[in-house]
Amino acid sequence: MSEICPRCEQQNCQNVHEGHEQGKRVWTVWHCGHCAFSWRDSEAAEIIDPQRRPAWAQLKGVNLGGLRHLIEPQKQGSKS
């Protein structure tokens, strides 16, 4: 898997965790700093291949600042 986000297709992704088995890397968790999508590179192609993901699940070219928050960010000092 490359460092290109499967959802917004930006190159603002970071390797945030790797899974190892018997000393070998078997998967990597990536996080996109642009659209906040996180994925594991071992997931099904329908999840991580932009050509196979449903169009409604894509954010390429979308103004993310104009999207409504479904979960409002927690205010500093608030308790859950």
Side-chain angles (χ1 to χ4, degrees):
M1 184 69 189
S2 68
E3 296 179 15
I4 297 174
C5 178
R7 183 166 75 169
C8 71
E9 299 185 44
Q10 295 288 310
Q11 294 183 343
N12 192 17
C13 302
Q14 294 181 345
N15 170 336
V16 294
H17 190 72
E18 293 181 345
H20 293 87
E21 190 172 289
Q22 298 177 351
K24 294 183 180 180
R25 186 190 64 79
V26 291
W27 49 259
T28 302
V29 174
W30 294 92
H31 178 78
C32 177
H34 181 71
C35 74
F37 186 59
S38 294
W39 71 98
R40 189 176 56 223
D41 60 6
S42 61
E43 294 185 56
E46 292 80 14
I47 304 294
I48 61 174
D49 181 349
Q51 302 300 317
R52 296 186 63 187
R53 285 174 54 88
W56 62 263
Q58 293 302 95
L59 292 176
K60 183 177 182 179
V62 172
N63 174 10
L64 299 180
L67 296 178
R68 191 177 92 192
H69 290 282
L70 296 178
I71 301 173
E72 292 293 327
Q74 184 176 12
K75 294 182 170 86
Q76 284 188 329
S78 305
K79 293 183 180 179
S80 301

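Each residue takes its place number in the sequence, starting with 1.
Val16 and Ile47 fall into different hydrophobic clusters, where Ile, Leu, Val, Met, Phe, Trp and Tyr are joined by side-chain heavy atoms under 4.5 Å apart, directly or via other members. No single ILVMFWY cluster, assembled from side-chain heavy atoms under 4.5 Å apart, contains both Ile48 and Val29.
One distance of note links CD of Gln11 with SG of Cys5; it measures 11.0 Å at 0.5 Å rounding. Here the CG atom belonging to Leu59 is positioned 8.0 Å from the CZ atom belonging to Arg53, to the nearest 0.5 angstrom. Considering CD1 of Ile4 and SG of Cys13, their distance stands at 8.0 Å, rounded to 0.5 Å.
Shortest non-hydrogen contact noted between Pro6 and Gln58 is O-NE2, 3.0 Å. For Arg7 against Ala36, the heavy-atom pair with the smallest separation is NH2-C, 4.0 Å.
Considering only heavy atoms from C-beta on, Phe37 stays 4.5 Å or farther from Cys8 through its side chain. For the pair Gln10 and Cys35, the minimum side-chain heavy-atom distance is 4.5 Å or more.
Using cut-offs of 30° and 60° for the angle between ring planes, the Trp39 and Trp30 rings count as parallel.
Residue pairs meeting the salt bridge (Lys or Arg N to Asp or Glu O under 4.0 Å) criterion with at least one partner in residues 9-30, sequence neighbours excluded, are Glu9-Lys60, Arg25-Asp41.
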